[in-house]
Participant: 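Attaching a single structure in structure tokens format; questions to follow.
We name chains A, B, ... by the order of the sequence lines, and we start the count at 1 in each one.
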Amino acid sequence: MDIIFDVLRTAIAPSTAAFALAAIGLNFHFGLTGLLNMGQAGFMLLGMYGFAISIQQGWPIWIAVIVGLIAAAIFAVLLGWPTLKLRGDYLAIVTIAAAEMVRFLGRSQSLKDLTGASSGIRGSDYKAPFEELSPFPDSIVTLGPFSMHGSRSSSWWLTTVTWVLVLLCAGLFWRLANSPWGRVLKGIREDEDAVRSLGKNVYSYKMQALIIGGVIGALGGITWALGNSVQPDSMGRPTTFWLWTLLLLGGAATVFGPLLGSILFWSSLTLVKSLASAFIPSDVLAPTELEPFSLVLVGVTLMLLVVFRPQGVLGNKKELAF
Amino acid sequence: MADTAFASVPHEAGSKKPDPILIADGVTRRFGGLTAVNVDHFEVQRNTITALIGPNGAGKSTFFNLLTGFDSAQEGEGQFNGRPLRGMAPAKVARAGMVRTFQLTKALSRMTVIENMRLGAQEQPGENLLRAFAPPLWKAREREITEQAHDLLHRFKLYEKRDDYAGSLSGGQRKLLEMARALMSKPTMVMLDEPMAGVNPALTESLLDHIVELKEDGMTVLFVEHDMHMVRRISDWVVVMAEGKIIAEGPAGTVMSNPAVQDAYLGAHHDTDLSELSELSLEDDA
């Protein structure tokens with residue numbers, strides 16, 4: 001029973017929602033437009049820094065959120081400006097490098113006063129304004145098998161806010177993907193030149209998609225930071241690859257694919273970890289090896305998924321299989 | 001089916017037309033050391049069907065790309081419907097009323113036929129990001145577009161396929177879809193890059209009829225083609241390119257008997273008797 005509750009707790013955790021948000025952003029890039037953004041973690045990290053640093057400056061929370069989102073939008077413009085006129089793989093190379101640059105810039109000692117260098121920014125330095133807004137009690141609240149703090153850190157308050165944001169962004173995706181605007185993006189995903197020959201400004205549409213997806217990614221970063229801390233190394237390349245994995249797992253170009261993907265991905269990770277720690281004796285598999293072991297198993301499952309169901313759980317094979 | 005518009009036009013390369021819709025002047029495109037296109041003067045008469053022919057590697061497709069903005073020339077000026085073409089982006093060329101199709105068909109495979117068609121339409125306010133949020137602003141236009149798309153799909157016999165993914169269509173049907181999609185923008189000039197390539201003979205006739213209909217509807221057609229049967233059947237005027245230059249112009253009947261054209265297609269010694277050649281080589285051997 002405990003294992004099931006562990007899995008369920010992971011499924012509704014704010015971090016799971018934060019990843020779902022970032023994956024919705026990636027869905028705008030890849031699912032709709034076919035842009036290969038390999039640096040979504042960089043957008044998340046910029047959102048986190050923008051938010052946390054603004055709060056530390058004493059600015060109100062809504063300004064801090066906007067700063068985080070604008071930082072991501074500027075990042076998108078800077079990345080897209082030289083690369084969106086080129087073939088898709090160039091964007092992939094540039095984004096993966098740029099995301100690493102953001103991470104290294106965050107780690108660098110020269111910015112220690114702002115970013116806290118490699119040790120990052122402690123959660124207690126920026127979480128207070130958000131937690132003060134909480135309508136929930138300032139204590140542990142138990143709801144059935146779920147027990148979380150009402151307002152602090154990974155709380156009921158944060159859980160509510162993040163999942164509401166996920167639903168809002170999924171709604172945004174649905175609205176835009178089913179509009180003439182989304183149709184142009186899908187056309188670009190299929191063949192840029194064809195869309196150009198029909199009189200659409202392809203460059204401008206790609207830029208809009210890159211910005212929207214990046215800004216939603218930054219929103220994911222901000223919500224993730226509210227449940228954890230701002231730590232540059234937690235937003236490295238693996239984060240981007242996880243995002244890709246869970247997007248493809250759930251089904252790219254679908255409204256609920258990123259949501260389902262994030263829930264499935266993190267729950268199965270917890271499931272494998274709990275099962276392994278319960279049934280494999282510790283002299284065969286040391287507790288420290290559980291995490292890598294579960295990642296390996298999840299990786300194998302994903303390979304099977306790609307082989308046998310390339311469109312993901314919710315995806316339409318005719319529309320998008322990778 | 002020579003057009004009366006060409007009555008006074010001399011049958012020579014680069015001749016002036018009474019009412020040109022498209023004009024190109026001194027267009028040069030070099031790829032490194034290779035001059036792919038070097039056209040002194042070129043005009044397309046309004047509301048006619050003009051064929052652009054020539055042997056492989058003559059620069060027809062490159063010239064096509066230059067005219068539609070998909071490639072840019074090192075030198076030269078162009079004019080479409082009185083507007084200068086130089087430096088104009090392909091999307092702007094299309095919006096100005098000159099749409100093209102591609103030699104290798106670009107059906108958007110993972111979109112349905114009807115979505116392909118709708119994408120071809122212009123002036124859909126919902127294609128703007130902010131207006132996309134408010135369906136009342138674009139639903140009416142969407143209905144108009146859909147109606148127009150249905151009409152065209154009926155005409156091109158694709159109506160039954162409207163909800164299928166374009167990727168499931170046959171090669172010929174994709175050609176038809178691409179042409180129909182181009183017509184969604186209500187263009188004044190249609191540029192067809194090898195419309196017959198890969199189309200099965202059963203479909204050829206209907207495709208030819210469609211092209212003739214375009215002219216009847218008031219559009220101007222310029223097409224690149226290898227199939228001489230098609231060129232003879234439907235074109236009012238034929239322009240021949242070889243080695244990047246325009247070498248001859250005229251109605252289909254006369255242009256093919258032009259010795260320069262025969263040389264370009266068959267080589268300069270095509271009418272030399274083979275037995276004479278072998279006698280010559282025998283003499284050389286002896």
Participant: Which bit of B:Glu115 is near chain A, if near means a heavy-atom gap under 4.5 Å: side chain, backbone, both or neither?
Facilitator: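 The answer is both parts of B:Glu115.
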Participant: Check for a donor-acceptor pair, side chain of B:Arg95 on one end and backbone N or O of A:Gly199 on the other, with a separation under 3.5 Å.
Facilitator: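 Pair found, side chain donor or acceptor close to backbone of A:Gly199.
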Participant: Just give me the residue among B:Ser185, B:Ser109, B:Pro125 that pairs up with chain A most often, heavy atom to heavy atom, under 4.5 Å.
Facilitator: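 That would be B:Ser109.
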Participant: Donor-acceptor pair, B:Gln122 side chain versus A:Leu198 backbone, under 3.5 Å?
Facilitator: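 Flag set: sc B:Gln122 to bb A:Leu198 pair under 3.5 Å.
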Participant: Is it true that a side-chain atom of A:Glu190 and a backbone atom of B:Arg110 form a donor plus acceptor pair closer than 3.5 Å?
Facilitator: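 A pair under 3.5 Å: yes.
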Participant: If you count the non-hydrogen atoms of other residues, nucleotides and ligands that lie under 6.0 Å from CD in B:Glu147, is the total more than 12?
Facilitator: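 Counting neighbours around CD of B:Glu147, 12 or fewer heavy atoms of other residues, nucleotides or ligands fall under 6.0 Å, so no.
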Participant: Let me confirm one number: the OG-CG distance from A:Ser179 to B:Leu137, rounded to the nearest 0.5 Å.
Facilitator: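 The distance works out to 11.5 Å.
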Participant: Report which part of B:Ala107 has an atom under 4.5 Å of a heavy atom belonging to chain A: side chain, backbone, both, or neither.
Facilitator: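 Answer is neither: B:Ala107 stays 4.5 Å or more from chain A.
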Participant: Starting at CZ of A:Arg196, measure out to OG1 of B:Thr68 and round the result to the nearest 0.5 Å.
Facilitator: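 Result: 11.5 Å between the selected atoms.
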Participant: Only one of B:Lys106, B:Arg181, B:Arg174 forms a salt bridge (Lys or Arg N to Asp or Glu O under 4.0 Å) with A:Asp191, so which one is it?
Facilitator: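 By the salt bridge (Lys or Arg N to Asp or Glu O under 4.0 Å) criterion, A:Asp191 pairs with just one of B:Lys106, B:Arg181, B:Arg174: B:Lys106.
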Participant: Do you know which two heavy atoms are closest between B:Tyr165 and A:Asn316, and how far apart they sit?
Facilitator: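 Minimum heavy-atom separation between B:Tyr165 and A:Asn316: OH-ND2, 3.0 Å.
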Participant: Determine whether more than 12 heavy atoms belonging to other residues, nucleotides or ligands lie under 6.0 Å from atom CZ of B:Phe31.
Facilitator: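 Check passes, neighbour count above 12.
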Participant: Under 4.5 Å heavy-atom distance to chain B, tell me which part of A:Leu185 shows up: side chain, backbone, both or neither.
Facilitator: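 Contact with chain B: none, neither part.
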Participant: Side chain from CB out, backbone as N, CA, C, O: work out which of these in B:Glu142 comes under 4.5 Å of a heavy atom of chain A, or both, or neither.
Facilitator: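 The side chain, not the backbone.
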Participant: Any side-chain heavy-atom pair from A:Tyr205 and B:Leu129 closer than 4.5 angstrom?
Facilitator: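 Sidechains of B:Leu129 and A:Tyr205: no contact.
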Participant: So for B:Pro187, is it side chain, backbone, both, or neither that comes closer than 4.5 Å to the heavy atoms of chain A?
Facilitator: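 For B:Pro187, neither part sits under 4.5 Å from chain A.
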Participant: In terms of heavy-atom pairs under 4.5 Å with chain B, which of A:Leu172, A:Asp193, A:Val184 leads?
Facilitator: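 Most heavy-atom pairs within the cutoff with chain B belong to A:Asp193.
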Participant: I'd like to verify something: which residue of B:Ala91, B:Ala132, B:Ala121 has the highest number of heavy-atom pairs under 4.5 Å with chain A?
Facilitator: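 Answer, by heavy-atom pair count under 4.5 Å with chain A: B:Ala91.
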Participant: Taking only Lys NZ, Arg NE, NH1 and NH2, and the carboxylate oxygens of Asp or Glu, determine whether A:Lys200 and B:Glu127 approach each other closer than 4.0 Å.
Facilitator: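 Salt bridge flag = yes for B:Glu127 with A:Lys200.
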Participant: Where on B:Arg131 is there a heavy atom nearer than 4.5 Å to chain A: the side chain, the backbone, both, or neither?
Facilitator: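 Neither the backbone nor the side chain of B:Arg131 comes within 4.5 Å of chain A.
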Participant: Got A:Pro180 and B:Arg141 here, is their nearest side-chain heavy-atom distance under 4.5 Å?
Facilitator: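 No, every pair of side-chain atoms sits at 4.5 Å or beyond.
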Participant: Taking all non-hydrogen atoms of both residues, which atom of A:Trp181 and which atom of B:Asn128 are closest, and how far apart?
Facilitator: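 Heavy-atom minimum between the residues: CD1-C, 4.1 Å.
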Participant: Got a second to check how far B:Leu108's CG is from A:Glu192's CD, nearest 0.5 Å?
Facilitator: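 Going from the CG atom of B:Leu108 to the CD atom of A:Glu192 covers 11.5 Å.
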Participant: Looking at chain A, which one of B:Glu178, B:Met191, B:Met111, B:Met184 has the largest number of heavy-atom pairs inside 4.5 Å, strictly under?
Facilitator: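 Sorted descending by pairs with chain A, the first entry is B:Met111.
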Participant: Side chain, backbone, both or neither: which part of A:Val195 has an atom under 4.5 Å from a heavy atom of chain B?
Facilitator: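 Only the side chain of A:Val195 comes within 4.5 Å of chain B.
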Participant: In Å, rounded to the nearest 0.5 Å, how long is the span from CG of B:Asp193 to OG of A:Ser197?
Facilitator: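 Here the interatomic distance stands at 11.5 Å.
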Participant: If you count heavy atoms of other groups shown closer than 6.0 angstrom to CD of B:Glu213, is the number above 12?
Facilitator: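 More than 12 within 6.0 Å, yes.
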Participant: For B:Arg83, is the CZ atom crowded, meaning more than 12 foreign heavy atoms sit under 6.0 Å from it?
Facilitator: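 Incorrect, the count does not exceed 12.
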Participant: For atom OH of A:Tyr90, is the number of surrounding heavy atoms from other residues, nucleotides or ligands below 6.0 Å larger than 12?
Facilitator: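 Count not over threshold, so no.
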